[in-house]
Amino acid sequence: MLYQAPRGTSDILPQEQAYWRHIEQRVAHTAQLYGYERLDAPVFEDTKLFARSVGEDTDIVTKEMYTFEDRGGNSITLRPEGTAPVCRAYLEHGMKNLPQPVKLYYIASIFRYERPQAGRYRQHYQFGYEAIGGDDPALDGEVIDMAWQFFSSVKLRRLSLQLNSIGCKKCRPSYVAALKDYYAGRAGELCPDCQSRLKRNPLRLLDCKNEACQQIADRAPKSADYLCPECAEHFKQLKRYLELLGLPFAVNNRLVRGLDYYTRTVFEIQPEGGGTQSTLAGGGRYDDLIEELGGKPTPALGFAAGIERIILNLKKQKVEAPLLPRPPVFIAYLGEAAKNEAVKLAASLRRGDIGVIKALGDKSLKAQMRQANNLGVSYAVIIGEEELKSGTVIVRDMASAEQKSVPLGELQGELLQ
RNA sequence: GUGAGUGUAGCCAAGUGGUCUAAGGCGCCAGGUUGUGGCCCUGGAGAUCGAGGGUUCGAAUCCCUUCACUCACCCCA
């Protein structure tokens, strides 16, 4: 093989497209149901945008970004996530002057330099919804409802909804301090990864997969117990709204997220009992991000979901996507004169909005019919010498094998029945 | 970045040092008489056995390197 797709990337082949179109269609429809409008940002942005928003010390920024210098000497990065570009666009286009919150969604390729694995790629696709300029916990409830609704609309079953609140910049420091205190005495029992987490990113101690660490994490202080009165009230109200909506959420005290910009609400949707790399959607509030990027303080939240993982789970659950439309008509011909007629006929049917695949070359009728069969068309239209003379055409119903002679002028009407 | 496994035609796959100028199946193409598909029968095309190097009289089969894939860790959608 001389060339192959770069590591961690893949071609989305025709036979996969039904899933992709279906998901895109559901994403757009869900957006419309909740009043979100599409925004397409560039594939690459100024590197600083991601460094600032995602967090200088996060794994994404320190070791996973596709960053390069362009010919003008600017540091450019292929987007490793979708929220920051939307926020940048919000600021750049003065969307604070629109009625708030501004509700946007995207479907975009995402790039991260990682070791590929099940459900993890170097280029993958996410869609996401962002509501910028609202702090009402009812908005959190609506966003989570929208995520839940999306998944049920694509017929994914047995999902779990995990929820947590990690506080704001006022109350989180005291929680992190409590967490460090708790872990400080137990450092010796932790796995090597957690030893370094203790120093670099204490929140991540909570979701270590090591069994010994999990037992320690189970008894660790909970962020929800350290919320300031405002955050506590917000979280309480959110849970009330979720109950009102009938969403089966579970508070997971160990749910934290890997991007620095999250505040207060964080949530994830996972397949029940789904092992590793299984998170289908994740998101939360990022009340400080717009300000961090140079705007006025603007509360916001959103979530993103991975399309490949959704398709993986659809297949696992044997959910099929609606079939993509294909041309219903195949035109076969016999001889040069009939071929001319076939060329004209195909064009005329297509102008009449009927999809047509026309035979090519000078293959036997048998070969042409075999092709029609393989294409799965509903009708084969056959033109031969005799039909030319009489100005008719043979229409064969491929499923029933019934066929009849139809005058050329009546063909379109016949096919539309 | 770390660890384990795998790599034979478009797909599935037999073969673990000579009988491999590589089986079989699916798919594809073509025939089974003169203008007709799906079943059946027959035939055909398609593989430098992931790539490079080495061991050997001889390698798809052994060794090394490399690339890719899969799975797990890290991290994330």
Side-chain angles (χ1 to χ4, degrees), chain A residues 1-10 13 15 23 54-55 57-65 79-83 107-128 147 191-194 196-197 200-201 204 207-210 213 256-259 268-271 274-283 302-313 330 332-335 338 359 361 363-388 394-403:
Chain A
M1 204 72 66
L2 209 46
Y3 296 107
Q4 42 188 315
R7 183 160 207 195
T9 69
S10 56
L13 298 170
Q15 62 265 32
I23 288 169
V54 176
D57 293 328
T58 57
D59 279 16
I60 291 180
V61 171
T62 56
K63 52 186 210 194
E64 294 178 359
M65 294 206 304
R79 66 174 160 235
E81 62 102 37
T83 299
I107 300 175
S109 50
I110 300 291
F111 303 84
R112 288 182 204 163
Y113 188 85
E114 305 182 272
R115 271 300 268 285
Q117 195 183 322
R120 199 177 68 187
Y121 314 96
R122 288 185 174 177
Q123 181 188 180
H124 74 280
Y125 289 81
Q126 291 183 9
F127 63 83
C191 70
D193 283 328
C194 280
S196 79
R197 287 190 183 108
R200 298 185 54 245
N201 195 349
R204 294 229 69 95
D207 63 356
C208 181
K209 287 178 191 130
N210 182 293
C213 296
V256 293
R257 307 212 20 95
L259 290 80
E268 282 188 6
I269 290 177
Q270 303 184 343
T276 58
Q277 314 302 330
S278 57
T279 299
L280 292 170
F303 76 93
I307 297 181
E308 287 84 350
R309 287 184 186 180
I310 292 170
I311 293 175
L312 234 43
N313 279 275
F330 183 86
Y333 53 81
L334 287 148
K363 288 192 275 205
S364 69
L365 184 57
K366 178 177 185 152
Q368 295 182 68
M369 292 306 289
R370 188 158 43 220
Q371 190 186 350
N373 185 58
N374 289 349
L375 287 165
V377 297
S378 307
Y379 300 99
V381 171
I382 303 167
I383 313 174
E385 307 283 322
E386 290 171 26
E387 287 71 29
L388 270 186
I394 292 172
V395 177
R396 180 181 179 88
D397 181 317
M398 294 299 281
S400 67
E402 285 167 19
Q403 60 184 47

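Proteins get letters first, then strands, A, B, ... in listed order; numbering begins at 1 in each.
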### Query
Taking the side chain of A:A367 as heavy atoms from C-beta outward, which of B:A72, B:G35, B:A30 is closest to it?
B:A30
### Message
The side chain of A:D59 is closest to which nucleotide in this list: B:G37, B:G35, B:C75?
### Response
B:C75
### Message
In whole Å, measure the gap between the C1' atoms of B:G25 and B:U8 for me.
### Response
15 Å
### Rounded distance in Å - OH (A:Y121) to P (B:C71)
7 Å
### Task
Count the heavy atoms of every other residue, nucleotide or ligand shown that sit under 6.0 Å from CD of A:Q15, and state whether that count exceeds 12.
yes
### Message
Let's see if you can work this out: which of B:A68, B:C71, B:A77 has an atom nearest to the side-chain heavy atoms of A:E114?
### Response
B:A77
### Message
Please give the distance between the P atoms of B:C49 and B:U21 as a whole number of Å.
### Response
12 Å
### Nearest listed nucleotide, side chain of A:Q403, among B:A77, B:U36, B:C69
B:U36
### Query
For the pair made of CZ in A:R115 and C1' in B:U70, what is the distance, rounded to whole Å?
11 Å
#### Entry: Minimum-distance nucleotide to A:R396 side chain [options: B:A77, B:C71, B:G37]
B:G37
### Query
From B:G37, B:A77, B:C75, pick the nucleotide closest to the side chain of A:R257?
B:A77
### Query
Watson-Crick or G-U wobble partner for B:U56, using a 3.5 Å limit on both distances?
none
### Query
Could you run down nucleotides 39-45 of chain B 5' to 3' and tag each one B, S or - for protein heavy-atom contact under 4.0 Å?
-------
### Message
Taking B:C12 as the reference, what is the distance to B:U2 when you measure between their C1' atoms (whole Å, please)?
### Response
33 Å
#### Entry: side-chain N/O A:R370 vs B:C28 OP1/OP2, d < 4.0 Å
no
### Query
When rounded to the nearest Å, what value does the distance between P atoms of B:G24 and B:G35 take?
34 Å
### Query
Which one, B:C71, B:A30, B:G38, comes nearest to the side chain of A:A118?
B:C71
### Minimum-distance nucleotide (side-chain atoms of A:E64 versus B:C75, B:G35, B:A77)
B:C75
### Query
Paired with B:A30: which nucleotide, if any, by Watson-Crick or G-U wobble criteria at under 3.5 Å for both distances?
B:U42
### Message
It should be established whether A:Q117 places a side-chain nitrogen or oxygen under 4.0 Å from OP1 or OP2 of nucleotide B:C71.
### Response
no
### Query
OP1, OP2 of B:G38 versus side-chain N and O of A:N374: anything below 4.0 Å?
no
### Query
Taking the side chain as C-beta and beyond, is there a heavy-atom pair between A:I310 and A:F127 under 4.5 Å?
yes
### Query
Which whole number of Å gives the distance between the P atom of B:A13 and that of B:A4?
24 Å
### Message
Going by purine N1 to pyrimidine N3 plus the second Watson-Crick contact, or the G-U wobble pair, all under 3.5 Å, which nucleotide sits opposite B:A72?
### Response
B:U2
### Message
Closest approach to the side chain of A:Q126, judged atom by atom: which nucleotide of B:A77, B:G35, B:A68 is it?
### Response
B:A77
### Message
From C-beta outward on A:E385, which listed nucleotide comes closest to its side chain: B:G38, B:G35, B:G31?
### Response
B:G35
### Message
Could you tell me how far B:A45 sits from B:U55 if I compare only their P atoms? Round to whole Å.
### Response
37 Å
### Task
Please measure how far the C1' atom in B:A59 lies from the corresponding atom in B:G17, and state the result in whole Å.
6 Å
### Query
On a whole-Å scale, what distance lies between the C1' atoms belonging to B:A30 and B:U66?
42 Å
